[in-house]
A.B. asks: 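My questions will all concern the structure given below.
Just the heavy atoms: all of them, side chains too, but no hydrogens, waters or symmetry mates, feed the values below. The first residue in the sequence is number 1, and the count goes up from there.
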Amino acid sequence: MKSVIQKFTRKTLVELTSFVGCNILNSRCTMTQEILRATVVEDVNLGRWAQAGDAVICSGYPFHAHMECFADAIQQLHDAGATVLCIKSVRNKPFPAEAIALADSLDFLIVELPREAIFSNIIQEISEKILSLKAEAYSQLQAQTESLLEILFRENMLEDCFFHIEQFIGNPVVAFVANVKLYMSRETRAWLSQEDQAAIFHMFCRQQQTRDSSLSVVIGGQDTVFDFIEIRMTGDETLLLGVAEKNQSTDELAFLALNRIGKFLAVEVKNATTAEKVQRRQEDTLINDLFSGEFTSDSDVVAAAASYNYRLDRSWKYRVAIICLVNRAESAPLHLNFTSLL
């Protein structure tokens with residue numbers, strides 16, 4: 001999945017104005033790690049107070065007489081999931097080379113702050129930048145969510161909803177109701193052969209067992225990755241959405257927006273499932289009435305079918321049913337005029 005949400009990273013951190021004059025002690029670290037917050041810790045055991053994603057800020061004073069503990073502190077921070085240590089230099093005591101080497105091996109960034117650095121300014125600038133990026137991401141997500149909701153409220157046919165959602169996302173979307181059916185646009189159904197659809201159905205069944213966030217399936221001789229969204233419908237029913245990375249890597253914002261409208265899409269799928277059940281019940285009722293001799297003439301059959309919104313002259317199912325009825329070995333309770341009916 002392609003990330004388009006701008007995050008506050010190590011690179012963003014060292015580019016802040018409050019970090020002018022800082023010195024990166026281990027330059028082999030990756031700079032794309034995300035930072036979630038800043039916290040000041042004044043303790044030899046830095047990791048005791050750190051959380052995942054933290055930029056830990058320290059004056060260096062706890063290590064003034066305990067520089068031998070610095071390597072252990074780096075390991076603690078890494079184990080706690082912290083992202084970076086910003087620390088002022090300790091007078092006349094360089095940071096141990098073995099601690100810097102350990103940080104390199106752990107991909108843990110150490111930034112030496114100038115002595116005149118003011119912690120309150122650093123924390124304020126970090127917090128404001130993180131908040132600004134989150135607000136921008138939320139605004140983009142809200143805009144995409146509203147666009148998808150507009151599609152749902154505009155289209156009456158479920159297949160048309162899926163088509164326009166796919167146009168918006170740029171990739172095929174397949175919905176799966178557990179052990180029932182796959183729902184998709186007409187265009188996606190045309191792209192997939194019957195064998196491909198069967199493979200996708202089994203992939204969804206496998207996902208329900210493994211709970212993987214993404215799985216791949218062979219379509220047209222090529223591996224295609226599906227990213228999943230699980231949506232609770234009613235009772236124990238769930239709707240699984242699979243976004244196929246067919247044309248491009250799925251945009252993270254579009255994926256999140258699709259997740260946010262999942263409940264509304266689940267309602268549309270639920271309605272379609274219910275309508276199909278009603279239609280099948282009507283079909284069964286009409287065929288049973290045909291075979292049990294409930295109708296006295298072909299016009300009664302046509303009228304009964306019309307009450308269920310069926311047109312017999314275009315429905316092969318009922319042509320077959322009527323033919324089977326009239327051609328029974330025993331005497332049929334009615335005889336239909338095929339010329340007028342078909």
Side-chain angles (χ1 to χ4, degrees), residues 1-4 144-145 147-149 151-152 154-280 283 317:
M1 188 181 303
K2 179 178 65 176
S3 176
V4 296
Q144 298 215 13
T145 301
S147 297
L148 288 174
L149 283 175
I151 291 172
L152 283 182
R154 184 180 68 232
E155 301 298 335
N156 294 322
M157 299 297 294
L158 186 60
E159 289 180 334
D160 294 334
C161 284
F162 276 106
F163 170 72
H164 289 290
I165 288 173
E166 290 173 349
Q167 293 292 303
F168 184 83
I169 292 177
N171 279 321
V173 178
V174 180
F176 173 74
V177 178
N179 301 321
V180 177
K181 187 177 179 181
L182 296 176
Y183 293 89
M184 63 194 80
S185 68
R186 287 179 287 269
E187 290 71 18
T188 297
R189 198 174 295 278
W191 167 53
L192 300 170
S193 66
Q194 290 294 328
E195 292 78 9
D196 292 336
Q197 293 181 42
I200 291 173
F201 188 93
H202 287 101
M203 176 195 67
F204 276 109
C205 293
R206 188 167 76 252
Q207 194 279 339
Q208 289 192 307
Q209 299 295 323
T210 63
R211 301 296 178 183
D212 290 328
S213 59
S214 62
L215 288 172
S216 64
V217 64
V218 177
I219 298 177
Q222 294 184 336
D223 282 339
T224 301
V225 175
F226 279 77
D227 299 312
F228 298 108
I229 300 173
E230 183 174 356
I231 302 160
R232 180 70 61 183
M233 294 173 69
T234 57
D236 295 332
E237 287 186 302
T238 58
L239 175 70
L240 267 178
L241 294 180
V243 182
E245 295 193 356
K246 174 178 178 284
N247 303 315
Q248 58 192 6
S249 293
T250 304
D251 185 305
E252 183 181 8
L253 270 177
F255 190 83
L256 292 174
L258 183 59
N259 194 4
R260 293 182 74 185
I261 69 159
K263 289 288 185 183
F264 297 97
L265 187 57
V267 170
E268 296 296 325
V269 172
K270 182 68 175 178
N271 290 340
T273 303
T274 303
E276 289 172 358
K277 289 179 180 178
V278 172
Q279 182 179 1
R280 285 197 297 270
E283 291 173 354
K317 293 182 181 179

A.B. asks: With side chains defined as the heavy atoms from C-beta onward, is the minimum distance between M184 and L192 less than 4.5 Å?
C.D. replies: yes

A.B. asks: Please answer whether the main-chain N or O of S193 pairs with a side-chain N or O of D196 as donor and acceptor at a distance below 3.5 Å.
C.D. replies: yes

A.B. asks: What orientation do F228 and F204 show, parallel under 30°, tilted 30 to 60°, or perpendicular over 60°?
C.D. replies: perpendicular

A.B. asks: First locate atom CD1 of I200, then atom CD1 of I219, and finally report the distance between them rounded to the nearest 0.5 Å.
C.D. replies: 4.0 Å

A.B. asks: L239 versus V177: any side-chain heavy-atom pair under 4.5 Å?
C.D. replies: yes

A.B. asks: So, for P172 and E166, which heavy atoms are closest and what is the spacing to 0.1 Å?
C.D. replies: CA-OE2, 3.5 Å

A.B. asks: Between atom CD1 of I261 and atom OG of S147, what is the distance when rounded to the nearest 0.5 Å?
C.D. replies: 10.0 Å

A.B. asks: If the test is side-chain contact (heavy atoms from CB on, under 4.5 Å), which one of L215, V174, D212 qualifies with F226?
C.D. replies: V174

A.B. asks: Walk me through it: do L265 and I231 pass the test side-chain contact (heavy atoms from CB on, under 4.5 Å)?
C.D. replies: CA-CA 9 Å; L265 187 57; I231 302 160; 5.5 Å; no

A.B. asks: Identify the heavy atoms of S214 and D227 that sit nearest to each other, and give their distance.
C.D. replies: CB-OD1, 3.3 Å

A.B. asks: How long is the span from the CD1 atom in I165 to the CD1 atom in I151, to the nearest 0.5 Å?
C.D. replies: 6.0 Å

A.B. asks: Do the non-hydrogen side-chain atoms of I169 and F255 ever get within less than 4.5 Å of each other?
C.D. replies: no

A.B. asks: Taking all non-hydrogen atoms of both residues into account, name the closest pair between N247 and G170 and its distance.
C.D. replies: ND2-O, 2.9 Å

A.B. asks: Atom CG of L182 and atom CZ of R189: how far apart are they, to the nearest 0.5 Å?
C.D. replies: 7.0 Å

A.B. asks: To the nearest 0.5 Å, how far apart are CD in E230 and CD in Q207?
C.D. replies: 6.5 Å

A.B. asks: Determine the minimum heavy-atom distance between Q144 and A254, stating which atoms define it.
C.D. replies: OE1-CA, 3.2 Å

A.B. asks: Hey, are the side chains of Q208 and F176 touching, using non-hydrogen atoms and a 4.5 Å cut-off?
C.D. replies: yes

A.B. asks: Which atom pair, heavy atoms only, marks the closest approach of E187 to F163?
C.D. replies: OE1-CD1, 3.2 Å

A.B. asks: Return the CZ to CG distance between R186 and D160, rounded to the nearest 0.5 Å.
C.D. replies: 4.5 Å

A.B. asks: Looking only at atom types and distance, does a side-chain atom of N171 sit under 3.5 Å from a main-chain N or O of V243, one as donor and one as acceptor?
C.D. replies: no

